[in-house]
Structure formats: structure tokens, C-alpha cells
Amino acid sequence: MQTISLIGNPNCGKTTLFNALTGTTAYVGNWPGVTVEKKEGFWNGYKVLDLPGIYSLSPYSPEEKLSRRYILDERPDLIIDVIDATNLERSLYLTTQLSELGRPVLIVLNMQDLLEKEGITIDEKRLSQMTGCPVVSISASKGIGLDQFKTEVENALEENKGPSCPLFSNFVEKYINNIIEDDYLHAIPEGRQPRWAAIKLLEEDELFLATMPPFPKEFACNLAKAHESLREHYDDDVEAIIIDQRYKVAEHIARASQVKITQKKAFNFDSIATNRFAALPLFVAIMGGVFYLSIGLVGGITTGWLESFFEMLGTNLTILLDSLGVFPLLSGVLTGGIIAGVGAVLTFVPQLFVLFLLLSILEDCGYMARIAFILDRMMRSIGLSGKSIIPLVIGTGCTVPAIMSTRTIEHKKQRELTILVTPFIPCGAKMPIFALMITYFFPGQWYIAPMIYLTGILAVVLTGFIMRAFDRHKEKTVFILELPRYQLPAIKNVWLQTRERTLDFVKKAGTIILLSSVIIYLLSSFSFSLQPVSPEQSMLAMMGRLIAPIFKPLGFGFWQASVALLTGIAAKESIVSTLSVTMGEAGITALFNPASALSFMTFILLSSPCIAAIGAMAKELGSKRKLLFAIVWQTGIAYLAALLVRALVLLIV
Ligand code: GDP
Ligand code: MG
């Protein structure tokens, strides 16, 4: 099967095109670094690959390495170089490198819909002549030009013609040719182009050198001479010279093939959104608004309504099953287990839907990336990177993709620290617990929800400070997350994302929550000798009582809470369903009080995430020791914070 792969700078629309082509719904986000693993799809009998965005084939971050390794080793039959047409010159920098790989390249000028507004016209024919690649203009998100694009893909595959390599200045070319002609180049791995290899040798690209045998004496000597004379001529190191040469080529092609009329900018929202003083209050206000609308307004209306609905359903079903003479255990599992457990979780669907919807809108219109920009300085002062905000924001949905998205962070320490702190941001699955406790103990006090996030952020900051204090080799980094453009959120993206997050939630309710509700119900109905007993004497209670004393100082040292926390390891939604199954509304209001409710929420907020997220952490940290440290750290902070919160409430009230 022939393979085509989508390659381009971050945020140029690769995933949007991939989705349009393959009909899948991979995650599209209006900021760089959203696709961190390659994704496969199929179209018209071809395998299509969506790769992480890259600026260059001299990789720095792990996902750049992934893209490069893939292109070099898998040798796709066609490289589709997706270009954000409003950013032609910068994109061509990557094109100059793709051209050297000896694979056919199709240049796709995406975001055609924005060109006119930005006063840019691009001469496709000229661009095609200068690069030796076919060129096609499309708008992936608006679905413009896709038919033409598909035809071009077929043509390019049929022709199977490589592009022309960009030429550098004569002075540099001389040395490239010298190396190409050297016998040593016979040693290059199969499938690599001599010119590409020669440039990599000049650049002393470590990844490439590792694939080559050691230099023969003469070659080493020649290479050293070439280095010296290049360094002398340009007064710069060779890697920088090559970068510069590429930029010159890119600039040359861009100049020749595009006309740009600069326009005066009208009102610029960024002057407020990234203003030093206004930015943070604005951010807090916007997030406050998001929570007010979702948890406060929509949650306030729907929770009570849905609760009585499931209650009614349960009661009526019990009556019905009793009248039919159904075996009481079965009717118990159905009503006390499934309806109580799954219902308790489903109650939160409407408010979560609104929450996910609003977050997706903020993300897609480009605002979230501004926040990363604003917070960068602060983030760096606690050992994180501005880019750490991406996982932190994705983490409000689900911690698993959030932890994977840390791969865009170049520096290992910043990345590991980000992985350590991302679970402090409550995921969507933790929200129902907070919403439940707020409903029972703090009705009408919607502002508790943003305060929970604030506590999470506090834990992030605190961890950062402490880790930094113990870090003797502080790394200095520069921020290179660029600001994506503001746009009206694409309804399709927002809808797909919201739907996916919400469906995820509902699906879990139908599978893992359903199962755990049934198990919890059964465990809470029988003793170890399998006699039907009251919940207090059940085996579940026995097990819960074993660990309950640990939580006594936190105010929830009763077995139901411990059991709920245990089931929460499988999925955080289970905490709500377990509480409902084991104690019901009456039990919750009787056993918890405002102080212990808050400390319970705090503990859940900060303690280690569910098993799936722990798995993601293990994978990304790549070390058992670090994973263990992370879990102990998170649980430790959670315990201390919960203790503190309870003490504070008891002190004040
Ligand atoms: P990737 O990082 O290259 O995979 O880019 P994405 O597919 O995630 O898209 C980045 C952003 O660009 C998203 O907000 C898309 O909605 C937007 N986008 C993609 N294609 C177009 C287009 O043709 N026109 C406009 N205006 N926006 C687009
Ligand atoms: Mg992508």
C-alpha cells in the first residue's frame, strides 16, 4: 500500500486536512503542539499519516525527532508539505529540507481563505517552478480546493518525481560537492540522498553521525578543513551557516512568488489580552465566566432535575420489579447498583457539556495560546515552560492526552516537572465529585468551582518552587511558542471536540462505571461468608475499614469514603457512583459536613490520577523511580492540603 504523509509547521492545518481526507476526527487545536504522535488513516487505498508539526529536520524536541525519524526511515511515497500560506517564507524553510530527501513532495498552500484578508497573493506557477514541486491551494477547514488537491495527489504519486534541491551559495556548494564525491559517502545508509548526507556531515548532525561508520583519516581531515574555511569565510559555525543559507533560499523563493500588501491593523485585541496588567484579571474573569455558566447556571438547573428523574426511575423500577416478582438481588443490582451509580454520573452530563464547549471555544479561537504567552515568564520562574500551559489546559478535559502533549517541551526537566504537576489540574471526571459536594454542602456557591482550580494551580506553583530550589543545574530556555491567529472558532472543531469529550464521559458511565457500580453493590450487600447483610456488615465495609483510619485526620474516616477513593483509581467518575451506591444522598449529607466535604474534594483534586493517567505518566517519564516519586509526591501534597483545608474551615466556622 502506498503511503502519503502530511508534514508541515505546527498549526498549519495538517490535522484538519487529515480529518477532511480520511474522515476521522483527530484532535485539532488552534495552537502548536497538539498532534504529538503520528496518526494513521486511510483514503482511496492509500495510507495517510498525520505527523507532529516541525519547523526543521534538525530536531530538538522529541516530537520533531519522531517526525524526522519517520520521514527518513519509512520513506513515504509522497510527502505532502502543508504550508500556512499566510506564512510562506517560514514554511519554505522546512520545504528546503524536505526537498533533499529524494521523495516526491506536493506543496499544499492551506488557509487560502485568509490570503485575501491579509493582502497576499501567491503565484502558484512560479512557486512550482522554483521548487520543482506541484503546488495546490486549498482551505482545509472550509473544504475549498479539496477535489483539486486529491487529483494532484494522484498525479504526484503517478509521476513519482523528486523536487529540485535548493542551491546554496557557491562557496558552500563547493564543499558540499567535495563531500558528495568522497568515497566515504558510499557508507551512507540505503535510501539516504548523497546531498542530504553531505549537508548533515557538514552540520555534524549527531543523529546522522550515529548511523555512519567512523571517519577514515583522510575524510576527517578534509571535513575539518572544510569546516575551518567555512567558519573563516562566514565568521560563524557551520550549523548556523547552513541555517542561514536555507533562510536565504526560502526568502528568495517567497519574494519571487508572492506579493504582499501590508495593511494597517485595526483594533487589536491582543493589546489587552497580552497586556502586562490587564491580561491576568481578564483571564480570571473569563474563566470565572466559564464556570459560572457551566457549573453555576446550567448545573444549577439540570442537576436537581436529573437527580429526581433517576430517583423516580429507581423507585418505579423497584415497584415494577417487585410486582413482577423478580429475584430481589437482581432488582437490587438494577436499581441500587446500576441506576444509582450510573445515574449519579450521568447527572453531570449537561454541565460538563457546557464546560467542554466553552473551553473548546476558547482554545479554538486562539485565546488559550495567549495565556501560554502571558504566563511564560511566571512559568519559567517556577521551572516550567510557557508551553506547560498546553498540558495544563488539556488537563481540564483529560489528564491522559495532557500528559502526552508535554512532548512539545524541549527541555527534559521542564517536561518532567510538567508531567508531575499536570494531574493537579482537575480533569473532567473529577468535576462531578466537586459538583456533587457543592450541591449538597454549598448550594448556590458556584465560586467554589474556580477555587478548586485555583488550589490546583497553587499546588502546581508550590511544586515548581520546591523542585527548583532543589535543582542545582538550572536550565535557561527561550520561549518559542508563537501566537496563532485569532479566528472565529470553527463550529466543526468545537463541536467535534466537545462531543468527543462528552461522549468519552458518557461511554465510561456505560462501561467501567456500570461495572464498578454492580461490583460495589454486590460487595456492599454480602459478608465474606456470602450471607446477605446490611451494608455496615458487608465485605466492602470490612475492606474500607482497613484503610479508613488513614483518612480520619482529614475528616472522612468512614469506610464508604475509603472505598470510593479506591474505586476512583479505576476511574474518577466512580467516586460519585460509589458514594451513591454505598450511602445515597441521605448518607452523604449525614456522614460528611462542610469541612470534611471540602477536605475530601481537596484530597481528590490533588491525589494521583486514575490508572490510565498513571500509565501515561509512566510512559512519558520512562522511569519507575520517577513515577513512584510522582505518585508519592501527589498523594503527599493531597493529604497535607486536605488536612490544612479542614483545619482552616474548622478554625473559621
Ligand atoms: P496542525 O497543527 O497542523 O495539525 O493544525 P490543525 O489542523 O490542528 O489546525 C490549526 C488551526 O488552523 C485550527 O484552529 C484550524 O481550525 C485552523 N485551520 C486549518 N485549516 C484552515 C484553513 O484552511 N483556513 C483557516 N482559516 N483556518 C484553518
Ligand atoms: Mg495536528
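The chain is numbered in sequence order, starting from 1. FYI, side chains are in, hydrogens and waters are out, and symmetry mates aren't considered; it's all heavy atoms of this structure. Counting convention: from 1, in listed order, for ligands and their atoms alike.
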**Request:** Report yes if K14 has an N/O atom closer than 3.5 Å to an N/O atom of ligand 1; otherwise report no.
**Result:** yes
**K430 (side chain) donor-acceptor with T396 (main chain) under 3.5 angstrom** = no
**Item:** Side chain, backbone, both or neither: the part of N110 lying under 4.0 Å from ligand 1 by heavy atom
**Value:** side chain
**Request:** Could you see which bit of D113 sits under 4.0 Å from ligand 1, with heavy atoms only: side chain, backbone, both or neither?
**Result:** side chain
**Request:** Using distance alone, determine whether D50 and ligand 1 share an N or O pair under 3.5 Å.
**Result:** no
**Message:** Does only the side chain of V82 get under 4.0 Å from ligand 1, or the backbone, or both, or neither? Count heavy atoms.
**Reply:** neither
**Request:** Any chance you could lay out the side-chain hydrogen bond (donor to acceptor under 3.5 Å, both in side chains) test for D123 and S257, step after step, and finish with the verdict?
**Result:** CA-CA 5 Å; D123 185 345; S257 55; over 6 Å; no
**Message:** Which residue is it: L6, N493, D50? I am looking for the one with a side chain to side chain contact (heavy atoms under 4.5 Å, CB included) to T15.
**Reply:** D50
**Message:** Using a 3.5 Å distance criterion without hydrogens, assess whether the side chain of N110 forms a donor-acceptor pair with backbone atoms of A140.
**Reply:** yes
**Message:** Between ligand 1 and A140, is the shortest N or O to N or O distance under 3.5 Å?
**Reply:** yes
**D205 (side chain) donor-acceptor with F208 (main chain) under 3.5 angstrom** = yes
**Prompt:** Which of the atoms in ligand 1, numbered in the order shown and given with their element, are less than 4.0 Å from a heavy-atom of D364?
**Reply:** 14 (O)
**Request:** Give a yes or no on whether the backbone of R246 and the side-chain of T96 come within a donor-acceptor separation of less than 3.5 Å.
**Result:** no
**Request:** Within a distance under 4.0 Å of any heavy atom of N11, pick out the atoms of ligand 1 and give their elements.
**Result:** 1 (P), 2 (O), 3 (O), 5 (O), 10 (C), 11 (C)
**Request:** Keeping the roles fixed (side chain from T463, backbone from V421), state whether a donor-acceptor pair exists under 3.5 Å.
**Result:** no
**Item:** Ligand-side contact atoms (ligand 1) for residue partner L114, heavy atom cut-off under 4.0 Å
**Value:** 26 (N)
**Asked** Taking N or O atoms only and a 3.5 Å limit, does I138 qualify as a polar contact for ligand 1?
**Response** no
**Asked** Would you say the side-chain atoms of S137 and E124 include a donor-acceptor pair closer than 3.5 Å?
**Response** yes
**Request:** Mark up the atoms of ligand 1 that fall under 4.0 Å of a heavy atom belonging to T16, in ascending order.
**Result:** 6 (P), 7 (O), 9 (O), 15 (C), 19 (C)
**Asked** Relative to the heavy atoms of S139, which atoms of ligand 1 are at a distance of less than 4.0 Å?
**Response** 22 (C), 23 (O), 24 (N)
**Message:** For the 3.5 Å polar cut-off, considering only N or O atoms, please tell me whether G13 and ligand 1 meet it.
**Reply:** yes
**Asked** So, D77 side chain and T3 main chain: donor-acceptor pair closer than 3.5 Å or not?
**Response** yes
**Request:** May I ask which of S141, P52, S137 has a heavy atom nearer to atom 27 (N) of ligand 1 than the others do?
**Result:** S141
**Prompt:** With a 4.0 Å heavy-atom cut-off (strictly under), which part of N493 contacts ligand 1: side chain, backbone, both or neither?
**Reply:** side chain
**Prompt:** Hey, is ligand 1 close enough to Q112 that some N/O pair sits below 3.5 Å?
**Reply:** no
**Prompt:** Can we call the ring centroids of Y55 and Y93 under 6.0 Å apart?
**Reply:** no
**Prompt:** Pick from I7, D81, T131, L78: which one makes a side chain to side chain contact (heavy atoms under 4.5 Å, CB included) with V105?
**Reply:** D81
**Request:** Return yes when G53 approaches ligand 1 closer than 4.0 angstrom through a heavy atom, no otherwise.
**Result:** no
